[in-house]
Structure formats: structure tokens, C-alpha cells
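Everything numeric in this text was worked out from a predicted model, so none of it was measured.
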Protein chains: 2
Amino acid sequence: MSFREQILRVREDAIVTAVNRLLAEKGFDLMTVDQVAAEVGIAKASLYKHFASKEALAAAAMVRILQRTADKLAELAAREGETAFERLRELTRWALELQLAGEMPSLPSQNSTLRAELVGSRAYTDLLMQVSDTLGEWILQAQRDASIDPALPPEVVLYTLFARACDPVPGFLKAGGQYSDAQIVDWVLATCMNGLAARQ
Amino acid sequence: MSFREQILRVREDAIVTAVNRLLAEKGFDLMTVDQVAAEVGIAKASLYKHFASKEALAAAAMVRILQRTADKLAELAAREGETAFERLRELTRWALELQLAGEMPSLPSQNSTLRAELVGSRAYTDLLMQVSDTLGEWILQAQRDASIDPALPPEVVLYTLFARACDPVPGFLKAGGQYSDAQIVDWVLATCMNGLAARQ
DNA sequence: GTCTATAGCCAGATAGAC
DNA sequence: GTCTATCTGGCTATAGAC
């Protein structure tokens with residue numbers, strides 16, 4: 001890779017980082033391309049030399065977070081002596097920490113142009129399927145050893161885990177300002193895995 | 001109340017119903033005032049004779065759903081032989097059914113002008129406090145009889161219940177098209193109350 | 001590839017006749 | 001109060017100079 005290409009790569013990386021942060025803070029609809037340009041420190045027209053549209057910007061951020069998720073899955077899979085359930089729990093913990101750090105872009109909004117861009121992106125759909133496949137296997141395994149309720153369709157478990165990564169509850173608790181991030185993560189993780197009802 | 005005032009009331013009711021449906025479908029940012037006017041069948045300018053702004057329209061819809069919630073709380077409180085935990089569960093079930101019916105407006109978005117309008121509305125803040133107070137009492141009661149984990153701060157439980165009313169999981173499962181609404185409600189309620197981890 | 005400047009569009013809000 | 005027509009501002013996207 002030439003020096004010039006590296007410069008380009010670094011700049012695009014900075015753009016995606018800004019998009020990622022703004023998506024986490026405001027979501028797609030409230031994020032403006034002007035804000036992205038201002039945060040990166042370049043002119044708006046320059047952004048459009050790198051990415052064709054606002055939707056393409058968001059798609060790049062979603063691809064990056066999915067890539068980070070896939071990397072985390074690989075790390076968890078490589079750990080010895082951990083059950084499938086423990087891996088699922090640790091992944092969820094990681095996602096909650098990322099969200100509290102303001103680095104988790106929101107789920108695709110109901111915006112139809114954004115949805116169209118995402119399903120039209122091979123990089124996005126491929127990564128999403130890869131992540132879902134691995135999680136699906138872990139879920140089935142956890143249901144076989146009865147650490148996850150086998151009566152739940154695996155789909156329900158999968159969607160629930162995805163949803164917890166964007167749950168508004170951690171943000172509300174953090175906004176309250178009286179709990180540490182670690183406490184918030186523990187409590188949200190506990191309600192997710194153990195439920196609100198007390199266990200005997 | 002005069003006949004003319006009744007006509008007015010009915011029209012405003014129709015407006016709020018349309019806003020409620022559109023908020024449930026698209027959320028605040030993607031809903032347009034033109035869509036509201038079209039759905040009610042009146043001109044946009046006429047809307048502004050009834051409500052001062054788009055934010056005021058949304059606030060009216062939020063007040064209505066809070067009022068419906070307060071009514072539901074009163075109904076549950078009047079039931080004999082139900083524990084606090086059962087009341088909380090039945091309220092959550094009701095909210096999930098409402099959401100699947102497309103009648104649950106989304107939580108306040110990150111839109112700051114909307115938040116300002118809501119906290120500036122006495123009708124909204126009073127009802128929100130009333131609902132939160134009743135739920136808070138039920139939560140404390142359920143923790144005293146150990147049907148809800150007493151280690152969880154009541155605040156965490158309260159926010160979790162509010163969040164489940166707007167959870168994206170039921171919508172995803174419904175979009176999949178292979179499960180009935182009743183099944184979806186049962187599963188989401190089960191994951192909320194019992195957690196993903198199997199109980200012995 | 002970067003910039004300034006602007007085109008084009010759309011949505012919230014309003015004017016003014018009836 | 002309802003309408004049609006219009007204003008206004010902000011946003012995405014692009015033209016064109018350097």
C-alpha cells in the first residue's frame with residue numbers, strides 16, 4: 001500500500017469514527033453531514049469524495065461495529081474452559097460497556113432509505129450473517145446443556161441479545177448520575193440473563 | 001359542554017389518534033405534520049389551530065398513552081387477590097399487546113426540542129410521576145415479598161419495565177411473520193421476567 | 001482532494017381569503 | 001376554523017475554482 005493510500009485510509013478511518021460517535025449520540029435521523037464534517041475538521045464536499053451519501057456513511061459505521069463484534073466473537077471462541085452461555089454473557093457485557101462508552105451506534109432506524117442501503121451492502125449483510133450464525137450456534141449449544149431455556153425459539157434469544165446492545169436503560173441510569181458504569185452493566189446484565197423475578 | 005365544543009373535542013381526538021399511530025409506526029423524527037394532516041383528512045394549517053407545533057402534537061399523544069396507562073393501573077389495583085408482582089407482569093403484558101397492535105408511541109427520542117416540550121408540559125410530567133409512583137410502590141412491595149430480586153435498585157426495575165414497552169424485539173418477531181402475537185407476547189414477557197438463563 | 005458557494009428539496013410554520 | 005398558497009430555514013448533495 002502506497003503512502004498516499006495510507007493517508008487516505010487514516011482519513012476515512014477518522015470519518016467513520018466521527019460517524020460512529022454521532023450515531024451513538026443522536027442516531028441516524030438527527031445526525032447531519034455538517035456535524036460529521038465539523039467533527040473530522042474537513043469540508044462537507046470532501047466527505048462526499050469518500051462516501052457517496054449519508055446512508056453510505058452510516059453503513060460504513062455499521063460495518064465497523066459488526067467487524068469489531070466478529071473480532072470479539074473470535075476472541076471469546078478462542079478462550080478455553082468457557083461454556084457457550086458464558087461466552088454469550090461476556091459478549092453482552094462487552095456490548096453494554098461499549099454502549100456506555102458512547103461507541104455503540106444505534107440499531108438501524110425505521111428510515112427506509114437507510115435500510116435499503118444496508119441490505120444492499122454485501123460487507124454489511126455478510127458480516128451480519130456471520131455474527132448471527134456464530135451466535136446462533138452458541139445459543140443452540142446453551143439450550144442443549146439447558147443453561148438457556150430450551151423452550152425459547154433461538155431467534156427470540158438472538159434478537160433479545162441484539163436489542164440489549166442498544167437498550168435505553170443503561171443510558172437512563174447513567175444520566176441519573178448516581179451509579180458507576182460497572183454497576184449499571186452488572187444490573188442490566190443481571191436483568192437480561194436472570195430476569196426481574198427473583199431466583200430461589 | 002356545547003355542541004360546538006364537542007365537535008372540536010372529537011376532531012382533536014382524531015388528530016391525537018393519528019399522531020399516536022404515526023409515532024408508533026415511525027417515531028417522532030420521521031413523522032411529518034403533512035402525514036398527520038393527510039391521515040386526519042384536514043389541511044395542515046388547520047392542525048396548527050389546534051396544536052402550536054409538531055412537538056405539541058407528540059406531547060398530546062404521550063399524555064394520552066400515559067392516561068391510558070394510569071387507567072390500566074387503576075384497574076389492576078382494583079383486582080382482588082393479585083400480588084404486586086402479578087400486577088407488574090400484567091401491566092407489561094398489556095403494554096406489549098398495545099405495542100404489537102401498533103398503538104404504542106415510541107419513547108421520547110433524543111430530539112432535544114421534543115424533550116423540552118415534554119418536561120415543560122404539566123399534564124405530561126404530572127401523569128408520568130403518578131404512573132411512576134404507583135409502579136414504584138408495586139416494585140417495592142414485590143421486593144419485600146422477594147418475588148423481585150431485592151438486590152436490584154427499584155429504579156433499575158422501573159426503567160426496565162418502561163423500556164420493555166418500547167422494545168424492538170416484538171416488532172422484529174412480528175416482521176418475521178411466523179409467530180402469533182400471543183406467542184410473541186408470552187416469549188418477550190418470559191425473557192423479561194425470567195431472564196434468558198433457564199430456571200431449575 | 002480540498003475548499004467555498006450554492007443548487008434543490010423538503011418539512012415546519014404562517015398569511016390571508018372565505 | 002377551514003382552506004390554498006407561500007414563506008423560511010435547514011439539510012443533502014453538487015459545481016467549479018484551486
Report, one pair per line, the protein and nucleotides 4-10 of chain C atoms (nitrogen or oxygen only) whose separation is under 3.5 Å.
none

Query raised in the report: Is the shortest side-chain N to carboxylate O distance from A:E90 to A:R87 below 4.0 Å?
Result: no
Report task. Assess the side chains of A:D71 and A:Q67: does a donor N or O sit below 3.5 Å from an acceptor N or O? Result -> yes
Requested in this report: For A:R11, report the nucleic acid contact type (base, sugar-phosphate, nothing); a contact means any heavy atom under 4.0 Å.
Outcome: sugar-phosphate
Query - Distance in angstrom units between A:F51 CZ and D:dT14 C1', rounded - result: 18 Å
Report summary line: B:N111 CG to C:dG12 C1', in whole Å, measures 13 Å
Query - Salt bridge present between B:D167 and A:R164 (N-O < 4.0 angstrom) - result: yes
Report summary line: Rounded to whole Å, CD of A:Q6 lies from P of C:dG1 at a distance of 14 Å
**Report entry** A:L23 vs A:S106 side-chain heavy atoms within contact, under 4.5 Å
**Finding:** no
Requested in this report: Test salt bridge (charged side-chain N to carboxylate O under 4.0 Å, His left out) on A:E5 and A:R9 and set out the steps.
Outcome: CA-CA 6 Å; A:E5 275 173 336; A:R9 189 68 173 258; over 6 Å; no
Report task. Rounded to the nearest angstrom, tell me the gap between atom CE in A:M31 and atom C1' in D:dG10. Result -> 16 Å
Query raised in the report: Among the nucleotides C:dG12, C:dG1, D:dA13, which one has an atom lying closest to any side-chain atom of B:D34?
Result: C:dG12
Report task. With sequence neighbours excluded, tell me which residues meet side chain to side chain contact (heavy atoms under 4.5 Å, CB included) with A:A116. Result -> none
Query raised in the report: Rounded to whole angstroms, how far apart are CD1 on B:I42 and P on D:dG1?
Result: 12 Å
Requested in this report: Could you tell me the separation between the CG atom of B:L114 and the P atom of C:dG12, rounded to a whole number of Å?
Outcome: 13 Å
Requested in this report: Round to the nearest Å and state the distance from B:L22 atom CG to C:dA11 atom C1'.
Outcome: 15 Å
Query raised in the report: Do B:Y124 and B:E117 have a side chain donor and acceptor closer than 3.5 Å?
Result: no
Query - Residue B:K54, side-chain atoms from C-beta onward, closest of C:dA13, D:dC3, C:dG1 - result: C:dA13
Query - Between D:dT4 (C1') and B:L47 (CG): distance, integer Å - result: 15 Å
**Report entry** side-chain N/O B:Y48 vs C:dA13 OP1/OP2, d < 4.0 Å
**Finding:** yes
